[in-house]
2 protein chains.
Amino acid sequence: MIELAAAIVTLAEEAPKILLVRSEAGQRASLPCGPFDPAGHRTLEEGLRTWVREQTDLHLGYVEQLYTFGDRFRDPTERVGGPRPVSVGYLALVRQTAVKNAGKGPAETAWGDWYRYFPWEDWREGPPAILDALIAPGLEAWIAENADKTERQRRRERVNLAFAIGGGAWDNEKVLDRYELLYEAGLVFEAAFDREHIEIRRAEIGRAAEPNLKSGAALIKDHRRIMATAMGRLRAKIKYRPVIFELMAPTFTLLQLQRAVEALSGGRLHKQNFRRLVAHEGLVEPTGQMSGATGGRPAELFRFRREVVHERPAPGVRAPVRVRRQAR
Amino acid sequence: MIELAAAIVTLAEEAPKILLVRSEAGQRASLPCGPFDPAGHRTLEEGLRTWVREQTDLHLGYVEQLYTFGDRFRDPTERVGGPRPVSVGYLALVRQTAVKNAGKGPAETAWGDWYRYFPWEDWREGPPAILDALIAPGLEAWIAENADKTERQRRRERVNLAFAIGGGAWDNEKVLDRYELLYEAGLVFEAAFDREHIEIRRAEIGRAAEPNLKSGAALIKDHRRIMATAMGRLRAKIKYRPVIFELMAPTFTLLQLQRAVEALSGGRLHKQNFRRLVAHEGLVEPTGQMSGATGGRPAELFRFRREVVHERPAPGVRAPVRVRRQAR
DNA sequence: CTATATATGCTCAAATTAAGTATAAGTCGT
DNA sequence: ACGACTTATACTTAATTTGAGCATATATAG
């Protein structure tokens, strides 16, 4: 059986949102998903669009396949020797205006804040507190718990690479690496649920807080992993493809565009250089109209220049994301 | 049923090679592949490794999932209402020394030249002749054949984008776009076989030559599409990840490294700048040993610096591939 | 009118890139 | 041994890109 799952992303109030389905009250939410039907669906992608339409009333525009997950026991309720569900994960982008939230019936849909599920990924206001408060000590404990020295060495290396501890720079694309590390270390709720390890971990780091909150909100099965894959892919993609405009209104100010990129990237940009970049890359063109002032000098409204796709090999917002270094 | 298929790439004599399996004499070759077995395979990737080991005696190192293909009638022998095979495509890299070619039994394996299947992708000696001789006129005919003006416009735009006709620069990563365009235009053998359209096309461009040769050698089912996906991904990846070293011997000269990058990228590099790049990126370090002279001054042998992965966010061979512009 | 906020133009130094020139150190044929 | 040829490697130079900041313009709030 093949399951199709979609990470549907939009932007609202300078924050990335993801569409979630909550089947029963009190249960962990899930991504919109459903089984692939070879008889009814001409292609995998068409199957996905159909499911999303049925579950959320949304008509998807930009859709991109991410990855196919087929590991044993991804769903912890899977029985030994039983059927193995394989899921194909997708990333979809929709404009905020296109949102039609069902919010009714047994499968209630709602937009969830990306960073509620990955609080350690938002560096816009500096290093997230959760890193020092929970993640760093948790990972340290995970490294130390292993008896084998070589394995400890390997764990430390992975931690340093993914979380940029000790020299390296924070790479905002390594979303999946970080999530998988936290999962292995038992620091996300899913791992606890799946492996009943979280009690041990909590004792080790001397905290009794709710892991569901401390390490981001949990989703059903491996849906948070799919979300991490989507986030990493999207962060990489905006650098060399103008996908950001899939999330923007037809016209926008340059600051709105910058805030959108920052929301996805999880860091801050240099304003003057950003505007130079998008102008020089020919990504946008002025409309001549002015925005309703937002507390300062009114800004000019721009629109996306679709032609750039034909002019440059890799048009995208390559502006380097500034991330304030962690003081450790 | 889920099929696992691998595009296994190596380098030999300055040419990229791909591992192919020929089941019966006279038949089109296929990629090493086999069905996913949920009972026996713990993960999809493990399933793939097992199949490759069985079919080719190869133990894969670097493996990366590419894409999952599930369109109806990818296999033209699929019956309406019958089972739909879904295939998960993989890219694998092996060193030439690791080759153990079975070459026996019913499933004979052999290394095939990448560019035999995609002759229009090799720009190392300038624009490939096949572009002007067959592809450009064939695509022109395909554009012209449509009655609807808007559709003709759209086709021309796609052709211009993918094949860099009229202004744009040849993008060596758009391998899949180009293949799909040729398929739609009926210019590759698979399309002819699948849709019996090639006769029409051949008449239109006034040639009676064997399409199997003219537009690259064909593979079974959609395996050439998987190969195109692999090629595009690999060309993109060497720019920001040091995967090229998966294909190099433990030590190598800088020219050997350059030739390897050129073979994959399908273009030429500026020698002095290339060596400055790899040195400055810290990708390699000198061993102190010298190579056996190859007709000139002996070159120093270098080795890959594994540590670079921890030092820089995206270490790779970002040297711009020089492609001599087409004179049109 | 003043403080404040945002928008936008411009400068400047540092770093990177593209394209050479120059020179070194071998092989090969005669 | 000598000259032609091949490959390796160091260095130069101009153009372009990047990172950071200054200065000024135009709005709102009180």
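Each chain gets a letter, A, B and so on, in the order its sequence line appears, and its residues count up from 1.
A straight line from NE2 of His280(A) to C1' of dA15(D) spans 12 Å, rounded to a whole angstrom. In this structure, the CD atom of Glu300(B) is 9 Å from the P atom of dA10(D), given to the nearest Å. Between the CD atom of Gln289(A) and the P atom of dA7(C) there is a distance of 17 Å, given to the nearest Å. At whole-Å resolution of the value, CZ in Phe274(B) and C1' in dA18(C) are 16 Å apart. Rounded to whole Å, the distance from CZ on Phe302(B) to P on dA8(D) is 11 Å. Rounding to whole angstrom units, NE2 of residue His270(A) and C1' of dG21(D) are separated by 6 Å.
Side-chain atoms of Ser265(B) never come within 3.5 Å of backbone atoms of Gly267(B) as a donor-acceptor pair (strictly under, hydrogens ignored).
Proximity of Lys271(A) to the phosphate of dT6(C): no side-chain N or O atom is located under 4.0 Å from OP1 or OP2. In this structure, Arg297(A) does not reach the dA25(D) phosphate: none of its side-chain N or O atoms is under 4.0 Å from OP1 or OP2.
Taking 3.5 Å as the limit, the base of dT21(C) and the side chain of Gln272(B) contain a donor-acceptor pair of atoms between them.
Remark: Glu14(A) does not engage Arg124(A) in a salt bridge, criterion side-chain N to carboxylate O under 4.0 Å. In this structure, Arg259(B) pairs ionically with Glu262(B), as a charged nitrogen and a carboxylate oxygen lie closer than 4.0 Å. Ion pairing between a basic and an acidic side chain is recognised when a charged N comes within 4.0 Å of a carboxylate O; Arg233(A) and Glu173(A) show no such pairing. Taking 4.0 Å as the cut-off between side-chain N and carboxylate O, Glu281(A) and Arg276(A) do not count as a salt-bridged pair.
Rounding to the nearest 0.5 angstrom, the gap separating the CG atom in Leu139(B) from the CZ atom in Phe163(B) is 5.5 Å.
Only at 4.0 angstrom or more do the heavy atoms of residues 253-266 of chain B sit from any atom of DNA chain C, so none qualifies.
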List the atom pairs, donor and acceptor, that lie under 3.5 Å between side-chain atoms in residues 240-249 of chain A and the rest of the protein, sequence neighbours left out.
from	atom 1	to	atom 2	distance (Å)
Arg241(A)	NH2	Pro313(A)	O	3.2

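Take the nearest nucleotide of DNA chain C for Gly296(A) and for Asn273(A): the residue whose nucleotide is more 5' is Gly296(A). Each of Arg276(A) and Pro298(B) lies near DNA chain D, and the nucleotide nearest Pro298(B) is the one positioned closer to the 5' end.
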